[in-house]
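Both counts, for ligands and for their atoms, begin at 1 and track the order of listing.
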Amino acid sequence: MTIRSDLFTYLQDFLLRRSGLVLSDDKAYLIRSRVQVLLRKFDIADINTLVMRIKRQETGDVAKALIDEMTTNETLFFRDSYPFKALTDIIFPALNDANGMHAPVKIWSAASSRGQEPYSIAMMAAEALPNAGQRVKILATDLSEQAVAYGKSGIYSQMEVKRGLSEKQLARFFSKQGETWQVRQDLKRMLTFQTANLVEDTVVTRARSYGPFDIVFCRNVLIYFSPEERKNVIDRLAKTMKPHAYLLTGAADRVIGHVSKWESTMFQGKRIWQLQ
Ligand SMILES: C[S@@+](CC[C@H](N)C(=O)[O-])C[C@H]1O[C@@H](n2cnc3c(N)ncnc32)[C@H](O)[C@@H]1O
């Protein structure tokens with residue numbers, strides 16, 4: 001069944017307002033394929049009925065589930081490797097030089113998906129900083145309640161731990177429980193998981209209460225937003241960061257804010273951003 005054009009227009013507006021996701025006119029097929037699972041889950045007859053239900057209850061379960069389906073949670077441990085290598089090779093040493101070996105290090109993973117990214121950061125900190133357990137605090141946030149709950153549980157399948165973790169890291173930071181792997185408590189203690197929406201201004205106050213941050217990871221999420229919204233998000237991140245704090249984005253993302261100013265350093269052929 002095809003989606004009614006007025007309902008598609010409404011959905012474009014809804015997704016933009018609620019998650020910053022830009023759904024272009026040629027993406028009606030994406031909606032059709034992604035909602036199939038929701039029609040079954042909520043026992044709804046067709047796509048138009050589903051959209052009308054979202055329209056009646058924009059903060060209801062169906063609305064949240066649609067946002068989850070549309071914003072893909074694809075992630076893995078140590079994705080792209082260079083941001084994590086940058087932590088140990090340049091960022092942690094620079095913070096130690098500037099603030100001393102005992103100063104707290106505050107990090108925000110701003111689209112943490114199912115937790116692999118913030119746990120990878122925690123593993124690098126544990127490997128590189130002798131007193132990481134006391135010094136390092138990581139805030140992990142995502143729009144998706146489901147993804148946040150998953151990360152908070154710290155339980156990963158065999159398939160997930162095979163994507164990115166070395167045998168050594170698995171043995172050191174995880175314990176096996178039946179068919180699954182559980183993140184060890186000493187690593188978990190560094191992290192706080194919360195839901196947060198990067199397109200809402202309130203995200204700044206919420207994140208700031210855990211900051212200000214020395215390092216922010218905002219990777220593979222800016223691509224969903226319009227250029228205008230991307231700049232707003234960058235400015236929001238900047239408001240939670242210390243002067244000269246580091247920002248790691250997706251490899252292709254250019255970092256430009258409306259207000260905030262950035263400079264960049266090249267590391268392994270990729271840009272690492274620093275707030276001016
Ligand atoms: C592809 S994953 C990236 C995860 C991780 N940063 C990485 O690079 O592997 C994108 C994540 O962005 C989240 N997301 C999408 N829109 C968002 C928003 N407006 N605010 C916060 N998170 C959002 C999605 O829920 C999803 O978990």
Backbone or side-chain N or O of Thr75 under 3.5 Å from ligand 1 N or O: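 Min N/O separation from ligand 1 is below 3.5 Å for Thr75.
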N or O contact, Arg219 vs ligand 1, cut-off under 3.5 Å: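 Yes, at least one N or O pair falls under 3.5 Å.
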Out of all atoms in ligand 1, which are within 4.0 Å of some heavy atom of [X]? Include the element for each.
X: Ala111; answer: 4 (C), 5 (C), 6 (N), 12 (O)
X: Ala196; answer: 20 (N), 21 (C)
X: Glu117; answer: 5 (C), 6 (N), 7 (C), 8 (O)
X: Phe225; answer: 19 (N)
X: Asn73; answer: 24 (C), 25 (O), 26 (C), 27 (O)
X: Ser113; answer: 4 (C), 27 (O)

Contact check, Ser19 vs ligand 1, heavy-atom distance below 4.0 Å: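 Yes.
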Contact check, Phe217 vs ligand 1, heavy-atom distance below 4.0 Å: no
Side chain, backbone, both or neither: Leu198 near ligand 1, heavy atoms under 4.0 Å: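 Under 4.0 Å from ligand 1, Leu198 contributes backbone and side-chain atoms.
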Location of contacts on Arg79 toward ligand 1, heavy atoms closer than 4.0 Å: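 The answer is the side chain of Arg79.
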Ser264 vs Trp262, side chain to side chain donor-acceptor pair (under 3.5 Å): CA-CA, chis, key distance, verdict: CA-CA 7 Å; Ser264 66; Trp262 302 86; over 6 Å; no
Partner of Glu74 under salt bridge (charged side-chain N to carboxylate O under 4.0 Å, His left out), chosen from Arg114, Arg79, Arg163: Arg163
Tyr150 and its side-chain hydrogen bond (donor to acceptor under 3.5 Å, both in side chains) partner, picked from Glu160, Gln116, Glu145: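 Of all the options given, the one that passes is Glu160.
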For [atom], grab the closest protein heavy atom and report residue, atom and distance to one decimal in Å.
atom: atom 18 (C) of ligand 1; result: Asn197 OD1, 3.6 Å
atom: atom 11 (C) of ligand 1; result: Asp142 OD2, 3.6 Å
atom: atom 8 (O) of ligand 1; result: Asn220 ND2, 2.7 Å
atom: atom 12 (O) of ligand 1; result: Val221 CG2, 3.4 Å

Approximate separation, where rounding is to 0.5 Å, of Asp13 CG and Arg18 CZ: 12.0 Å
Atom pair CG/OG of Leu16 and Ser226 - distance to nearest 0.5 Å: 6.5 Å
Proximity of Phe77 and Tyr156 rings by center, below 6.0 Å: yes
Heavy-atom proximity to atom 23 (C) of ligand 1, best of Leu248, Leu143, Val199, Asp80: Leu143
Thr49 and Asp46 side chains, donor-acceptor separation under 3.5 Å: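 Note: Asp46 and Thr49 side chains meet the donor-acceptor criterion.
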Asp142 versus Ser113, side-chain donor and acceptor atoms under 3.5 Å: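 Side chains of Ser113 and Asp142: no pair found under 3.5 Å.
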side-chain contact (heavy atoms from CB on, under 4.5 Å) between Gln57 and Val62, intermediate numbers included: CA-CA 8 Å; Gln57 239 195 327; Val62 181; over 6 Å; no
Member of Phe213, Tyr210, Phe217 meeting the ring pair (Phe, Tyr, Trp, His ring centres under 6.0 Å) criterion with Trp108: Phe213
Cation-pi, Tyr82 ring and Lys270 (6.0 angstrom, 45 degrees):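 Checked: cation-pi criterion met.
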